[in-house]
Amino acid sequence: MSDAIRYERVGDIAVLTAQNPPVNALGVDVRKGLLSGIERAEADGAKAVLIYGDGRTYFAGADIREFGKPMLDPGLPDLGSRIEASPLIVVSAMHGTALGGGLEIALCSHYRIAVPSAKMGLPEVNLGILPGAGGTQRLPRVAGTEAALDMITSGRPIKAPEALDKGIIDRVTEGEPREIGLAYAQELLDAGAARRAVCDMPAPEMIDFDTRYDAVLKKGRGQISPATALRSVQAACEADNFEAGLKRERELFMELMNSDQRQGMVHAFFSERAVSKLPELKGVTPRTLAQIGVIGGGTMGAGIATAALLSGLKVTMLEMTDEAAAAAKGRIEGNLQGALKRGKISQDQFDILTQQSLVLATDYAALAEADLVIEAVFEDMSVKKTVFTQLDAVCKPGAILASNTSYLDVNEIAACTSRPEDVIGLHFFSPAHIMKLLEVVVADKTAIDVVATGFALGKMLNKITVRAGVCDGFIGNRILATYRSCADQMILDGASPYQIDAAMTKFGFAMGPYAVSDLAGLDIGWASRKRKRAAGMDPRARDSVYADKLCEAGHFGQKTGKGYYVYEAGKRGGTPNPEVAALIEANRAELGITPREFTDEEITRRYMCAMVNEAAKVVGEGIARRPLDVDMTLLFGYGFPRYHGGPLKWADIQGLDGILADIKTYAQEDDYFWQPAPLLEQLVAEGRSFDDLNKGSN
Ligand code: 3H9
């Protein structure tokens, strides 16, 4: 018997208790324990078997750490079939999260009971695979094709009462899983209930799978697992018998298991958990956070205040005038109305948050008691310095002074205070109450417990929190500036913004870079170009001016109705702005460039090489500690497709030597822009990957 499953007899019932913290993942020891537990129960005269989990949950799925390695016996599909084939009555009692292989084991049991708070689902598509232990065959048999397809292609878990309604479980009862499971098993024995195997149920009803396949594929933006999972459900409806359906599920499962997308999505799963675990923060106690101040109530400041209020913090919003403070309050209330509508808060909570937890002020003295103040004022060093000088004068000792700057030098900001150790960058992404990313920008003198508090705040606000060092743009905006510049150069050389947008949406981004610029406002890029020119650009850097002309004419993108695209009121998305081509042609003519053709493949390759190269510099310079920090920044702040794992995971999968070779080829045209990152050259020389660096850092 394995330690991961405890065996005991309670009267006629053999009890198999999973003991594999933290989530009772179905690793090889658990699988061995379940198999020998069933065999032992059958051998020692038990009449029923109860399966449940110790600790916080029933099985939360297969052990994801085993993916990509040879599957050790017993495999999960065979184990499930063996449990289902047992002549004893097998009952599963679920609590916590019965996910993936967990729900599949429950579906192989003959009866299922759960506590009301239990959640269950088949989230495999989010890991780039499909339910591979009979889930695509058994769930449609108990829940019907439509309900099963919805759960399997979305990966969304449902709560026990809904699972009861859908026929996935037999009973919902309050209590401890062990107690309710034992009582239910005994009741079934007393009633002489029959063994009941899902595999014996009739095949589920057929639907028009081809139409549905196209819709699922489109929704996935290139993600293949949901559409492949749909084909596996189709097999449940079409196959001659249950075994044939299982066989088809296995084939499709293996296809996905061997795919690049599975690697990308599993990388994303572990990286989003690893990103906030920094060795230097181990054992460091964060400072107290109960009351925070936010300076500036524009879109960003109001979003930060909203996120803080929703996490239970008290917020003082400082604005310059009463009118501006009232406008900020209006924005925060608007954000909270959204949370109310989505059912995230009740009307009572809304009233408390807006009337008691939020205080408006126009005098810095109101920030005297704040534990943390985040400024979100105009992005200009002299304005920031004025703010920090005043904060230094009024804030209590130990208060953390944070800037939401997206590219300015946090060391310089810190230096204008008498307490640089208390100064940090907290770079939120707009809208800050929705976007998941928070860059914690650590300056040279920032105290370690201030860093820990930045991470604690991120956790409270339910953010993916990434540590970044100081440089222009930190991790995300620095890399963005480089790949955007690469795109701009391709336009000068002959590509169109629309071709680049199309190529990058084909790659998996929800929007291409030019549609994103229109959404964010073209004035942002304009300001940044002007700033760079004013600071003095290297004479070798290529500059383009066609976008300036759009801005000079007052076209800032969606907010003015025109940018790279033209936006008609009431219509979603835009159509290409016919004026843009002429502006680009004029710019090319001025620079004496003869345009050439670009294929979508070349566009994608150059764009991605630029992103990877800059990302490698960011890691090499220590701005990001690990490649996974870059990957999570791009995933959660810049819409990078999750199924590629992040730019550096993508690079590993493509092969670093090929990427470096392409960068060197591009450098023959422009050796200023395409300077290979030393870290990339080093990894290629050593035959190592970015992921090797991730592993080495754990
Ligand atoms: C599957 O079942 C395939 C089958 O169909 C077919 C096979 C043939 N494995 O998230 P947390 C770790 S695919 C290994 O922080 P929470 C996690 O990394 C699987 N490890 O807690 C973390 O480790 P660390 C289908 C796992 O309370 C720790 O446990 N199942 C697994 O916020 C705590 O996790 C899923 O996709 C695992 N399966 O959330 C479910 N799960 O402390 C995936 C977790 O070192 N899991 N860990 O960072 C989840 O969604 C969440 O973890 C869960 C708990 C909701 C369970």
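Everything quoted here is computed from the prediction, not taken from an experiment. Both ligands and their constituent atoms are indexed starting at 1 by order of listing.
The nearest pair of heavy atoms linking Val23 to Arg56 is CG1-NH2, 3.8 Å.
A ring-centre distance under 6.0 Å is not found for Tyr638 and Phe509.
Distance remark: protein heavy atom not present below 4.0 angstrom from atom 23 (O) of ligand 1.
The distance criterion of under 3.5 Å between nitrogen or oxygen atoms is not met by Leu76 with respect to ligand 1. The N/O atoms of Ala60, backbone and side chain alike, include one that comes under 3.5 Å of an N/O atom in ligand 1. Between Glu104 and ligand 1, at least one pair of N/O atoms sits closer than 3.5 Å. The distance criterion of under 3.5 Å between nitrogen or oxygen atoms is not met by Arg250 with respect to ligand 1. Residue Leu127 has no N or O atom closer than 3.5 Å to an N or O atom of ligand 1. In terms of polar-atom proximity, Ala62 is counted as a contact of ligand 1, with an N or O under 3.5 Å from an N or O of the ligand. Looking at ligand 1, you'll find an N or O of Gly101 within less than 3.5 Å of one of its N or O atoms.
Residue contacts with ligand 1 include Arg56, since one of its heavy atoms falls under 4.0 Å from the ligand. Residue contacts with ligand 1 do not include Gly135, since none of its heavy atoms lies under 4.0 Å from the ligand.
We find that Lys247 and Glu243 are not joined by a salt bridge, their nearest charged nitrogen and carboxylate oxygen being 4.0 Å or further apart.
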